[in-house]
Every structure is written in structure tokens, then in C-alpha cells.
Q: 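Right, I'll just put the structure down here and ask away after.
All heavy atoms count here, side chains included; hydrogens, waters and symmetry mates do not. This structure is a prediction, so every number in the text was calculated from the model and none was measured.
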Amino acid sequence: MSTSESTVPSRPQSLKRPGRRAKRPRNADPNATTRLDILKSAAKAFRRLGYHGATVEQIAAALHMKKGNLYYYFKNKEEILFACHQYSLDQLLQLLGEVEQSDLDAGEKLRRLVVAFVHTILDELHGTALFLELEALTPAHLKAVVVRRDKFDHGVRQVLEEGMAAGVFAPRNPKLLAFALFGAVNWIPRWYNPDGSASSQEIAELFADFFVAGLRRT
């Protein structure tokens, strides 16, 4: 045997070092059932305790899940908050696209957008303040949320401008009117009580009636 040959058999490439586990890939599918369950559990915790008061342990415990298992879906609490925003904005932008492609008049378009806006905030994620807690997001996540928020804002303004051009709404400043609408709806989670006398449907219809009637040309 030559001196260059080794008497120690080489380790097969398929064998791994003892004690080291293969890293399980994270599940980033936004429609995964467990992922959505985590968002809803987090939304409840954020509403009850605030973003900074809620812990990952509490979010996981509400689902009878270990904290480590939750990290299979999200890296940290901030990523959960970001996903809550993205999920809500997905719902709103989908409806906005449907409304923009419809033949409805501006009054009915606005009604549907307001109703959907209220339901998204109160029902989809259990009262999470969709447009609040932004300061907790990383700069990259904040930018992504603001860009999509502005897209919905712009869509609502277009409906207002369309209604004014058609004579359905009285001519006013659409930018200020959009601010008024968003301000009113975004504040609902601050006072909304899921166990109160008013249901989310009643609130949605009341707000829609109020804004559409107030905008119509008299």
C-alpha cells in the first residue's frame, strides 16, 4: 500500500454530523391554514394587550402550540404584525379591483368599499388596528405597507372623483373627504367591543349610509 493511501474509510457524503438536525424550511405560504390561525390569534392578543404587551408565547399558547412551532411560520413578532397588515390589505385591494371593474355607480362603489373596510378591520382580524402600530414595523415592512395603503387610498379617491364628475356626489375636495373616511373607520377598533350591542354588520352599514348620504348632491 502506498503512503498516500489512507486506512481510514471515508465518511459517506450522505451522513451528517451527530447531534446536528436538518433545518426545517419555514412555511411562507400566506394562505396556509395554520398561518392564518396564527394571524387571528395574534390579532386578538394585539387588540387585548397591544402590540408591545402581547408576547409570542401568548399567541402560540392560544393555539395550543409551542413557541418553537410558531417560528416555522414567522421569524418573530414583528413579522406577524406585518403579515396582519398584508393579509388585511390583500382583502381590501382585491375588492377595490372588483369594484373598479364593475358597472356600479359611484355611490354603490363607495358603499361596498366602506362596508368591506369595516368588516376587514373588525371581522377578518378581530379588531386589530389595521393602520395603527406602524411604528413597530421595520423600515422595509413599513414602506411595503404604506405603498399598498396608498393604493387603496388612491382607489377610494378615484371613486369620489368619479361620483363628483357624474353628479352623484357634490363637488368637494376628494383628498380631505378620503382622510375623513379613513380616519373614522380606522378609529373603530379603539372603541369597538365584540360583545357590545352593535354588530360589525350594523356598524358597517351605518358608516356606509352616513358617508354616501353625506356626499350625495342635494
Side-chain angles (χ1 to χ4, degrees), residues 27-96 113-138 141-146 148-150 152-153 156 179-208 210-211:
N27 186 343
D29 179 4
N31 296 314
T33 301
T34 303
R35 185 180 169 89
L36 294 180
D37 288 341
I38 292 171
L39 294 186
K40 291 177 180 180
S41 176
K44 288 181 180 179
F46 294 160
R47 180 180 181 276
R48 187 175 70 255
L49 304 170
Y51 171 76
H52 296 289
T55 66
V56 173
E57 289 85 352
Q58 290 168 321
I59 295 169
L63 295 170
H64 305 290
M65 176 187 293
K66 293 181 179 179
K67 183 175 70 171
N69 292 337
L70 187 147
Y71 288 133
Y72 172 55
Y73 297 91
F74 298 98
K75 289 190 297 185
N76 51 43
K77 187 171 69 168
E78 187 275 339
E79 191 176 77
I80 297 175
L81 177 65
F82 175 62
C84 285
H85 283 271
Q86 291 290 73
Y87 177 77
S88 297
L89 287 164
D90 283 345
Q91 313 303 309
L92 293 178
L93 291 175
Q94 179 180 343
L95 179 71
L96 176 62
L113 288 174
V114 173
V115 169
F117 196 3
V118 174
H119 277 304
T120 297
I121 286 180
L122 297 186
D123 297 332
E124 291 289 346
L125 292 180
H126 303 280
T128 294
L130 174 62
F131 285 48
L132 301 177
E133 303 286 10
L134 291 175
E135 77 284 351
L137 296 173
T138 64
H141 283 169
L142 175 60
K143 181 178 180 180
V145 167
V146 170
R148 302 187 77 207
R149 237 181 58 180
D150 288 348
F152 183 70
D153 185 341
V156 171
F179 284 159
L181 190 157
F182 291 132
V185 177
N186 286 334
W187 198 254
I188 294 176
R190 293 294 194 184
W191 52 260
Y192 175 65
N193 180 3
D195 299 320
S197 60
S199 68
S200 61
Q201 181 63 28
E202 290 173 324
I203 294 171
E205 291 179 356
L206 178 64
F207 271 60
F210 176 78
F211 280 107

Q: Is the shortest heavy-atom distance from the side chain of F152 to the side chain of L113 under 4.5 Å?
A: yes
Q: Could you walk me through whether F82 and F74 pass the ring-ring contact (aromatic ring centres under 6.0 Å, His included) check?
A: CA-CA 10 Å; F82 175 62; F74 298 98; 10.0 Å; no
Q: Counting C-beta onward and ignoring hydrogens, is there a side-chain heavy-atom pair between Q91 and H119 closer than 4.5 Å?
A: no
Q: Quick one: does N186's side chain get under 4.5 Å of I121's, heavy atoms only?
A: yes
Q: Which heavy atom of A116 sits nearest to which heavy atom of L95, and what is that distance?
A: CB-CD2, 2.9 Å
Q: How close do F46 and C84 get, heavy atom to heavy atom, and via which atoms?
A: CE1-SG, 4.5 Å
Q: List the steps, then state whether side-chain contact (heavy atoms from CB on, under 4.5 Å) holds for L81 with L137.
A: CA-CA 8 Å; L81 177 65; L137 296 173; 3.9 Å; yes
Q: Taking only residues two or more places apart in sequence or in another chain, which ones pass salt bridge (charged side-chain N to carboxylate O under 4.0 Å, His left out) with D37?
A: none
Q: Identify the two heavy atoms, one from A204 and one from V114, that lie closest to each other, and give their separation to 0.1 Å.
A: O-CG1, 4.5 Å
Q: Between the main-chain N or O of R149 and the side-chain N or O of D153, is there a donor-acceptor pair closer than 3.5 Å?
A: no
Q: Determine the minimum heavy-atom distance between A136 and Y51, stating which atoms define it.
A: CB-CE2, 3.3 Å
Q: Could you tell me whether the side chain of T34 reaches within less than 4.5 Å of the side chain of Y72, counting heavy atoms only?
A: no
Q: Indicate yes or no: at least one non-hydrogen side-chain atom of F182 is less than 4.5 angstrom from one of V156.
A: yes
Q: Could you measure the distance from the OH atom of Y73 to the CD1 atom of I38? Nearest 0.5 Å is fine.
A: 6.5 Å
Q: Working to the nearest 0.5 angstrom, can you tell me the gap between L181 CG and F210 CZ?
A: 10.0 Å
Q: Sub-3.5 Å donor-acceptor pair from the side chain of S41 to the main-chain atoms of I59, do we have one?
A: yes
Q: Between K77 (side chain only) and A42 (backbone N and O only), is there a donor and an acceptor less than 3.5 Å apart?
A: no
Q: Drop me the distance from L63's CG to L70's CG, to the nearest 0.5 angstrom.
A: 7.5 Å
Q: Is it the case that the side chain of R47 and the backbone of P189 share a donor-acceptor pair, with hydrogens and angles ignored and the cut-off at 3.5 Å?
A: no
Q: In chain order, what residues pass the ring-ring contact (aromatic ring centres under 6.0 Å, His included) check against F207, with sequence neighbours excluded?
A: none
Q: What are the two closest heavy atoms between T138 and E78, and how far apart are they?
A: N-OE2, 3.0 Å
Q: Do you know the tightest heavy-atom contact between A83 and R35?
A: CB-NH2, 4.1 Å
Q: Could I get the full list of salt bridge (charged side-chain N to carboxylate O under 4.0 Å, His left out) partners for K67, not counting sequence neighbours?
A: E57
Q: Below 4.5 Å, heavy atoms only, C-beta onward: do L96 and L93 meet side chain to side chain?
A: yes
Q: Would you please test V56 and Y71 for side-chain contact (heavy atoms from CB on, under 4.5 Å) and show each step?
A: CA-CA 9 Å; V56 173; Y71 288 133; 3.9 Å; yes
Q: Can you tell if the side chain of H85 reaches within under 4.5 Å of the side chain of L134, non-hydrogen atoms only?
A: yes
